[in-house]
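Data block below; observations after.
Letters A, B, ... are given to chains in the order of the sequence lines, protein chains preceding strands, and every chain is numbered from 1. Because the structure is predicted, anything quoted here is derived from the model rather than measured.
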Amino acid sequence: MFSNNKKSIALVFAMLLAIMCMSVSAERSSGFEASIVLDYFTPQHDLYKELYGSSSFPLNVRVEYVFKRRIGLFTGIRYLSKAGETDSSASLFEESYTTKLTIVSIPLGINWYMGSDKFNPFIGCGGYYHSYTESWDSLEREYKGTKFAFFAQAGIQMRLGDQVSLLLQGSYIPLPTGIDTLFANAINLGGSAAGVGFAYRF
Amino acid sequence: MCQRNRIKWFLLIVVMFTQFLAPGPQQDQQILIKIPKEPAQVQMALQLSDFSMLQELKTCILGITSRHQFNKLKDQGFAGQILLPGEVTGLFLVYIPDMKGLPILRMCGTAEMVEANNAIFKPFGNIHPRLLLPVSFRLKVLEPTPLRLDSIRYYKEAPVPAEKSTISSAPKPLIQQIVDQVSKARLTQTIQDLQDFQTRDAHRPECDAAGDYLYNTLKATGLTVEFQHFTFADTSAKNVIATLPGKTAPLGIVIIGAHYDSKSGLSSKAPGADDNGSGTSAVVEAARILRNYGFDFTIKFCCWSAEEYGLYGSTYFANKAWEREEKIVGVINLDMIGFSNNLPEDLDVVYNGSSAWIAECYKTQAELYTNLPINIRAIPSLVYSDHAPFWQSGYYAILGIEDWPLDTPFYHTEDDKLETLDMDLVTDTTRVSLAVAAAMAQLEGPVPPPTGVEARSQIIYSLFSSHKSVVLNWQKSLASIQGYNVYRTSQPHINYIKLNSSPLQETSYMDMGLRTDARYFYVVTAVGESGEESNYSVEVKEDQNNVQQ
């Protein structure tokens, strides 16, 4: 059973797909593309920033099937791993642990390419299935969770050769865990990202 | 329009606007509310930032808050109720033996039942309700307490599980010696002496004279004795307090007390042999015997006054102790310990959630040193004796009483006399109470316990996980010792776990990886050169920063 939120995401997704399909021109060819993008990710949650810093570099690997060079359906994997350090409620004595936050996300999304073959801006959206783990070194302490969340992206693809193109993209990737702790309310592991990478057309 | 008129209009508009925005008198009004004692409801009530607690009972909590905050919470599904609208001061909690008492209360003031046998009451006019209400009704004056809502414990009325107490479960020859010295003849004499005042109604001079008698009697034991003066309902009264200073950790205090005032329908004739000559005689006997021994902690022998009018003496004492941040280890309140209706008579030991360990101690000590059956009972609504103000300040306290509900036909009558008492019950109750007091205050041993124990905590956290760490510090022992042991528990005074495998050489210890949602209590012992372990130090609660000498 889908929640209302998921239903509305699916509806928007379907409508977008329909609009894009209508805009596809018949003379363009279809095919697979593989891409790799390194993001500069800026988290939005204060405690996240405090413990893990205000930036990290997740890697995105995607496979996309592009219909008529206009609409692309993609999936892949996004991997973020960042080391941090615990904080303490008081400074009575020195005690800290190295921690590691790992987020593995599997996207299912759609891109709409709007430009020419050489210079091709796009917008896209979809959903991520996120699996996140936070562990403390030297203590067998681990917290695991999963979450499905919507994302949106926009960018530009610039053809460099017959099969290779340069990708520049920005994305908004919220990851509201819905978890409250003693020190943070509504922990959100998401944020915004700017990425650069390459795509290979098969 | 001239400049002056413009200013006038401007000011008028500002004033009107301010009046419009200002909360109406209704919104700021203080109200008395009843909160169901359920975790979800109490959790919601924590949002009442201006809430001050008046009384914790078995099924509910009474307190005062603003109407504005209450209404806001009500919209979120809060099941609290407003009681006696418009009344927030001069309130009493009244124990009525049966529901026939409610119309009587309502003839004398405004009243509303809050749970079985307990009513909230505001008398008409300025006459003290003790002078209006039948003597079978018990009274407790309601004042804001320092207890906080998040300290509320939930428990069922059930016997204390057989947990390991900090108090030794093996008989100690010295405690046996103490118990054996309790004299039935002396107890009888003290009750007779108190009865001979004819009345000890706290409004009458005879009560004052009884206070002087107790002062002199306690002084004769060689202890330091002082009066603690207070006023209630325009009457001055006095508690009598004798102190036996602790040898190694004098800031830890064990209290054994009883009220010495009495009450009957006729204020000039209230012999009060059972209520509460019996309890007072036990306190005097305890002082006579215990003053010859050395204890780690200080023992205070308290004779409180004006209990019958609403626990004024003990409330004053407990409030002062709380203000001075006194480290009270535990309180034994003896009230009516002499009437037997069923043989063999038992002693009811009444406790609240956090004081179960003292009740458990009573049971253990009674089995070790006497044949007195002990019936331990969790009755948080029994707040009509001098242990209640200590409960309200967050201290551990029990009530020792012959029966609850009371079964004596002489209660608050002119016939409450020595000849109606079972002096064997008084003697046995005194014996076990002395054993409990001696065990709680810790008879001095060959190795002194560590002092100056301090426990501070901090929480170490990441995004999703956290733990608590507690650092303990104490003063270096002056005796020649091997080292120290550290013990922890999550319930006060029971179920200690030793944390170190071999004696620690340092005077500090760090306890890490603890749950953040639990409170922890610690004691430290010193280990002598031949391996003998000292008594426990005063128990400290983490984050209390409670340093004792």
Under a 4.5 Å heavy-atom cut-off, does chain B meet the side chain of A:Leu51, its backbone, both or neither? side chain
Region of A:Phe93 that comes under 4.5 Å of a non-hydrogen atom in chain B: both
Hey, which residues of residues 94-105 of chain A are touching chain B, say heavy atoms under 4.5 Å apart? A:Glu95, A:Tyr97, A:Thr99, A:Leu101
Name, in order of residue number, those residues of residues 161-177 of chain A that have a heavy atom at a distance of less than 4.5 Å from a heavy atom in chain B; otherwise write 'none'. A:Thr177
Heavy atoms from other residues, nucleotides or ligands near [atom1] of [X] exceed 12 (cutoff 6.0 Å):
| X | atom1 | value |
| --- | --- | --- |
| B:Glu325 | CD | no |
| B:Gln47 | CD | yes |
| A:Lys118 | NZ | no |
| A:Lys49 | NZ | yes |
| A:Phe119 | CZ | no |

Excluding sequence neighbours, so at least two apart, what forms salt bridge (charged side-chain N to carboxylate O under 4.0 Å, His left out) with B:Lys74? none
Atom pair CE/CG of B:Met512 and A:Leu139 - distance to nearest 0.5 Å: 8.0 Å
Go through A:Thr181 and B:Tyr461 one step at a time and tell me if the side-chain contact (heavy atoms from CB on, under 4.5 Å) criterion holds. CA-CA 10 Å; A:Thr181 67; B:Tyr461 60 92; over 6 Å; no
Nearest atoms (heavy-atom pairs only) where [X] meets [Y]:
| X | Y | value |
| --- | --- | --- |
| A:Trp136 | B:Ser462 | NE1-OG, 2.9 Å |
| B:Leu463 | A:Glu134 | N-OE2, 3.0 Å |
| A:Tyr143 | B:Ser465 | CB-OG, 4.0 Å |

A:Tyr40 meets the ring pair (Phe, Tyr, Trp, His ring centres under 6.0 Å) criterion, sequence neighbours left out, with A:Phe57
